[in-house]
Amino acid sequence: MKLSARIAAPVTVLALAGLTATACAPQTSDGKAATDEKSGTLRVWLFQEVNNAPKKQVVDAAVTDFEQRNKGAEVEVEYIPVDTRAQRVKAAFNDPKSAPDLIEYGNTDTAGYVKDGGLADITAEFGAWADAGDTDPTAKSSVTVDGRIYGAPLFVGVRALYYRTDVFRELGLSAPKSQDELISTAKKIRKARPELYGIAVGGAYTYGAMPFIWANGGELATEEGASYKAAVNSEAARKGIASYTSLFGDDNCPAAKCAQMGGNATVTAFASGKAAMAIGGDFSHAAVEAGTVKGKYAVVPLPGVTPGSIAPAFAGGNNLGVLKSSSHHTLAVDLMKSLAGKKTQGELFDAMGFLPTYTDVRAQAARKEPFVKPFIDSLDAGAEFVPTSPGWGQIDASLVLPTMFQEVVSGRKDVKTASDDAAKKMDAAFAAASR
Amino acid sequence: MTAPNGTRHGGAPSRGAAGGGAAGGGAGIPEVPRPRKGPARPAAQQAARPRKGSGDSGRPRGGSPWTPWLYLLPALVVLGGLLIYPIYQLGLISFLEYTQAQVSGGEPTTFQGFGNYTALFSDPQFWQVLLATVLFAAACVVTTLAVGCALAVLLSRVRALPRLALMLAALGAWATPAVTGSTVWVFLFDPDHGPVNRLLGLGDFSWTYGRYSAFALVLFEVVWCSFPFVMVTVYAGIKAIPGEVLEAAALDGASQWRIWRSVTAPMLRPILVVVTIQSIIWDFKVFTQIYVMTGGGGIAGQNLVLNVYAYQKAFASSQYSLGSAIGVVMLLILLAVTLVYLRLLRRQGEEL
């Protein structure tokens, strides 16, 4: 009895602990709304921009319009920091009660969010929407997963070649017309002005490197049935990788410094006058204007392989999407149309310089603001997008492509081995995602 | 004083009290020293009897074996809630397919058995990272202990003013948040603007480019921010050693090194055990320094350690179940290292 009493206590405690524990399996939310209310408060999350006031003005105007059209509906807009958006959005998917109805999201996240079960399918509403007819095909593909549509493109971001007009004039150079010329120009500048990078490139600057792969006819991955198969180790893609990585070295951008740089670092190098060229986005305009090179630079589309051609650019940008958990589905879709419609996109361009996703609105923008012309030319020449597979999010997060470029740049592996290894990792991610 | 009872029950006084109480439940006990009143026992009984009488109506003294558990309960609840339950969840998730899609309800949660572990162990990168982590942690522990102990000895030898200065410098390093410290160190060793390269005449040598130089740079920072703990603890230990012992050793003609090895270190053994285990656990789990200083794992992932690798898997790519499996593996490794270390020490202790 003495013994049993001694044992009984801890056993009971353990059993109790076990019971409480087994009662709580890991949390899972069902995330589907049961109702579609026609009044009440709609919550919207938009990204907080560096200079947010003009964006807020445009959004407020669109929201007022919407509220007048829909009596009884109220809109609450919250601007969330871009840095922590991933955690915020994940939390919103996990806890539908505190989730917003409408969110802004980066277009490379589309497939992942769809797989997570967070975004509502709005194929029917999108098809019936008049404005949507003019949406450019690349922007449309960034909201499409398996033929269904999960949002409306809000703006596109595209990169082109920034170059220093003063340096080029001084050395008697002209803006490069082909990829080979780009590389030789960069090396010429470095030789004449050793304190400058010919062109600032980064081992972790995936979106700056992708155009080199595409320009050589390569692909990141090809669609195969319901899934994707990596193609970074194809002959054409390897040529692109080799030509991008040939820019790392003491004759242009020393590997010891440039291997670690990402997109922002290369733009910063250009803006602070340490580089004669850089691949920057239309959204980098403000940062460059704020740097020491203000008034001493120009922009042209990034050249392709054949002289005079344009390398396919990566069509980045943001979309608006309705959450599956929203209890105001119809209203939320209506609000999405207001915020991503032609009128608002035109105003957003004027206020923030965000490139519209409608071909006609974009053409108007180019007439108004000549600065965006090279970016629009790049888009019109045919932009490319990352694979719309939920596996892409994982490939991106586990730094598969930066690792590949850095392995080549640092001389650890040759192009063939590095691209084969990257392809293996990508295939594993695609396979896991389509399971 | 109450030796007869204590020894007969073969335990410490507290155990004796519990045992006596349990026996008491079986009615009239000869063991209880009615005639000779020991101070501890009757006090415990008196305390127990009225409480039980009022609270538990049925059995007179049957509840008293629960008394220690009652006292332990608050601590057990806290431990269970904050330690056992999370570990249980960690273990559970590591056997499931649990990614963002499962958390937010896009797909059902499925049981994977050892699937996550198989995936982990068949990933060659995991083994590389594990090896790098073990070697890096070992280097950090050894360096931290060496620097910490050396400075503790120095601290016990110098005058008040330099001692104060050294203390303040160490506490400053200790109080600096890891992110701040890492950022400052990266700046100090920056190839373009860093003062260290200028002082050493290294030109624009990039410390974070090479694998070993990057690990070395992180090691400096880790040692810098963790030696103060070792130094302060060991210094306190040294101060507790009676002066005569050291004096006797000095009179016997022992050198400084010999005094440390044969007198101070053995007397400090319990403290050294604690700081070593602490350092092993800290340095094995290092995250911030690697993440900040090498930009999330270095060029092509050359500076990944297990914790950053787990972060990449669990949070950046939302594979919570794979991340949990890495967590479980880390937990087991740390438990094993600590147990083996404690065992080794105990064996040595018996021989001495």
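Chain letters run A, B, ... following the sequence lines, proteins first and then strands; every chain starts at 1.
Using non-hydrogen atoms only and a strict 4.5 Å limit, the part of residues 252-260 of chain A facing chain B consists of A/A255, A/A256, A/K257, A/A259, A/Q260. Within residues 287-298 of chain B, the residues having any heavy atom less than 4.5 Å from a heavy atom of chain A are, in residue-number order, B/G298.
Screening residues 387-396 of chain A for salt bridge (Lys or Arg N to Asp or Glu O under 4.0 Å), with sequence neighbours left out, gives no hits.
Side chains of A/Q394 and B/T99 form no contact here, defined as non-hydrogen atoms less than 4.5 Å apart.
Only the side chain of A/K274 comes within less than 4.5 Å of a heavy atom of chain B; its backbone N, CA, C and O stay farther away. Contacts between B/Y309 and chain A at a heavy-atom distance below 4.5 Å are absent for every atom of the residue.
Note on A/K90, A/E407, A/R412, A/K413: by heavy-atom pairs under 4.5 Å with chain B, the leading option is A/K90.
For A/D414, the CG atom counts as densely surrounded, since its 6.0 Å shell holds more than 12 non-hydrogen atoms of other residues, nucleotides or ligands. Annotation for B/F121: atom CZ counts as buried by contact number, over 12 foreign heavy atoms lying within 6.0 Å.
Summarising the geometry, atom CD belonging to B/Q125 is positioned 7.5 Å from atom OG1 belonging to A/T403; distances are rounded to the nearest 0.5 Å.
Taking B/F205 as the reference, B/W207 meet the ring-ring contact (aromatic ring centres under 6.0 Å, His included) condition, with sequence neighbours excluded.
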